[in-house]
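Atoms within each ligand, like the ligands themselves, are counted from 1 in listed order. Scope of the values below: all heavy atoms of this structure, side chains included, with no hydrogens, waters or symmetry mates.
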Amino acid sequence: MSCHHLMRRAFYSKHTFSQVKQLSRCWSSAAISPKVTPGFVAEVKNIVGGSNVSTADAVRDQHGHDESYHGVEPPDVVAFAESVDHVSQVAKLCNDNGVPLIPFGSGTGLEGGINASRGGLCLDVTKMNNILAVNAEDFDCQVECGVTRVTLNNYLRDTGLWFPIDPGADASLCGMCATSASGTNAVRYGTMRENTLNLEVVLADGRVINTAGEGRRTKKTSAGYNLTNLFVGSEGTLGIITKASLRLSGIPEATISATCHFPDVQSAVDTTVQVLQCGIPMARIEFLDEVSIDACNKYSHLDLTVAPSLFLEFHGFEAGLQEQTKTVEELVKMNNGSEFRWATDVDERNHLWKARHDILYACMALRPGSKPYSTDVCVPISNLPEVIVRTKEMIKEAGIIGPIVGHVGDGNFHIFYPVHPDDHETLKKIKDVSYEMALIAMELNGTCTGEHGIGIGKRDLLVKEIGEEGLNVMKQIKACLDPNGIMNPGKVFF
Ligand SMILES: Cc1cc2c(cc1C)N(C[C@H](O)[C@H](O)[C@H](O)COP(=O)(O)OP(=O)(O)OC[C@H]1O[C@@H](n3cnc4c(N)ncnc43)[C@H](O)[C@@H]1O)c1[nH]c(=O)[nH]c(=O)c1N2
Ligand SMILES: CC(C)CC(=O)C(=O)O
Ligand SMILES: [Mn+2]
């Protein structure tokens, strides 16, 4: 462990979140990585242009944290790339000088992925925001790394196509590749893994590769190793993704949303399993426990019954949907669920899903002034009731507030703990319960993260999940692609 790392660790363990935030600002006036010299900054300016480089505190602070509870760790310098050539030259410069290089998509991550724990250069790619091609007949497109999900969908509106992966946040599409994001539509449309056809990646030494070969954008390939999926979920530790070829889907002819509630968690999850077993191609099946529903009612002005609930969405042809909704209604009834509350008109549907996506902010409003500590585990769906019920017991025993929401159709769920950053006692309880929950998920053949990634928060869990040997192979791959260890150091592994 480097001296700098030890210093940081000691520092963070002794200070409150707000002190750290304040002090890291003072710190930030001095270079964290001694290799970021004025000469180095001048060379970066030569590459991307003076106006695309900043060492201002405000800019570094803004780039030193994501939407998670982790404190601010600003980089020494922020550079804005405008082309692949910029990215390639900056990578080579960092590599030659041993300067940490942290790719920045849009900063919506939830595991501290962009924190500059070891200082260095943050490469912001938001200016690379061109939609390069839409091949409507082939259901695919190619975008530069800074294009966000909402921008792409607005652009596609008149084509009858859309990009369905929806983490709620308006993340950059290559940031979504980097974290292997998914969200509410994954039960029907898959995750970033299934929807990425090819990536252009700049490696640590500046080389540029296309993971499936230049220009390839097929739905299938058996050509060699799957480099595309090596980079999906690599969290900026293997290279900078500069372009993505993505699969698109047809906008469904008809869409219906509904909510219903249940006497307990088990019946909501049993219903989900039975719906999937019947082969109903649900677009969304989201679980919200009674605490989340209460938070949603208050924050998003809904008037739902405060009970474990499902938010459902059906996509398809009008006639088919009638059959599907009828079957699901019957299954809900069989499991003692309530009547459906329908949301058929577009405004009503948007309001419902906005409320679901705003859950993070709704939960924080339960404790004004709090920050969100979010968790993310995924298990085989039949084990979902057990992990949720056991976690709820731990939450009750610890005396903390922990609303649960889940992409139940995938066996994936989150708990958001609204916590005051200075409340160490509660924070410790939350960390303990979260850790235990991840261990339970793994004991039940699950993973410690379904969609948010490892970042800095789950590094010790990764080795438990993958095993020493598996982790060693990951480290060997990293060493092969990034021998100087400059790519987002301190993320995914220690
Ligand atoms: C309110 C809310 C709700 C949700 C979520 C966030 C928030 C704020 N998320 C998480 C989030 O949307 C997700 O992590 C994004 O995919 C990250 O994209 P950014 O562009 O913001 O990456 P960001 O800039 O935060 O970076 C994330 C990581 O990727 C790396 N990175 C970014 N761009 C890169 C590039 N071009 N090349 C290489 N590495 C790059 C970074 O270095 C970092 O390690 C989520 N997610 C989810 O899966 N399901 C969900 O339901 C939700 N819900
Ligand atoms: C845990 C949350 C902050 C985000 C998320 O993944 C969700 O709302 O589904
Ligand atoms: Mn989620």
The Mn ion (ligand 3) - name of the N/O/S atom of E451 that sits closest to it: OE2
Charged N-O contact under 4.0 Å between R247 and D140: no
Centroid-centroid under 6.0 Å between H452 and H414 rings: yes
Ligand 1 contact by G239, heavy-atom criterion under 4.0 angstrom: yes
Nitrogen or oxygen atoms of P167 and ligand 1 under 3.5 Å apart: yes
Side-chain heavy-atom pair F40, C94 within 4.5 angstrom cut-off: yes
Proximity to ligand 2 by part of L110, non-hydrogen separation under 4.0 Å: side chain
Whether W353 and F311 hold their rings parallel, tilted or perpendicular, with breakpoints at 30° and 60°: perpendicular
Ring center gap for Y155 and W162 short of 6.0 angstrom: no
H407 touching ligand 2 at heavy-atom level, < 4.0 angstrom: yes
Among C174, P103, A178, closest by any non-hydrogen atom to atom 29 (O) of ligand 1: A178
Shortest protein contact, atom 27 (C) of ligand 1 (heavy atom only): T179 CG2, 3.7 Å
Shortest-distance N/O/S atom, H407 versus the Mn ion (ligand 3): NE2
Minimum non-hydrogen distance to atom 9 (O) of ligand 2, winning option of E451, R356, H357: R356
Protein contact of atom 26 (O) of ligand 1 - nearest heavy atom, named by residue and atom, plus distance: I114 CG2, 3.7 Å
Test item, K491 contacting ligand 1 (heavy atom, 4.0 angstrom): no
Ion pair check, R60 and D57, cut-off under 4.0 Å: yes
Contact check, H407 vs ligand 1, heavy-atom distance below 4.0 Å: yes
Per-residue contact class, E67 against ligand 2 - non-hydrogen pairs under 4.0 Å: neither
Y361 to ligand 1, any heavy atom closer than 4.0 Å: yes
Candidate with minimal heavy-atom separation from atom 17 (C) of ligand 1, of I165, N488, T108, V125: T108
Heavy-atom side-chain contact between N185 and F163 under 4.5 Å: no
Taking atom 1 (C) of ligand 2 as the reference point, the nearest protein heavy atom with its distance: F416 CE2, 3.2 Å
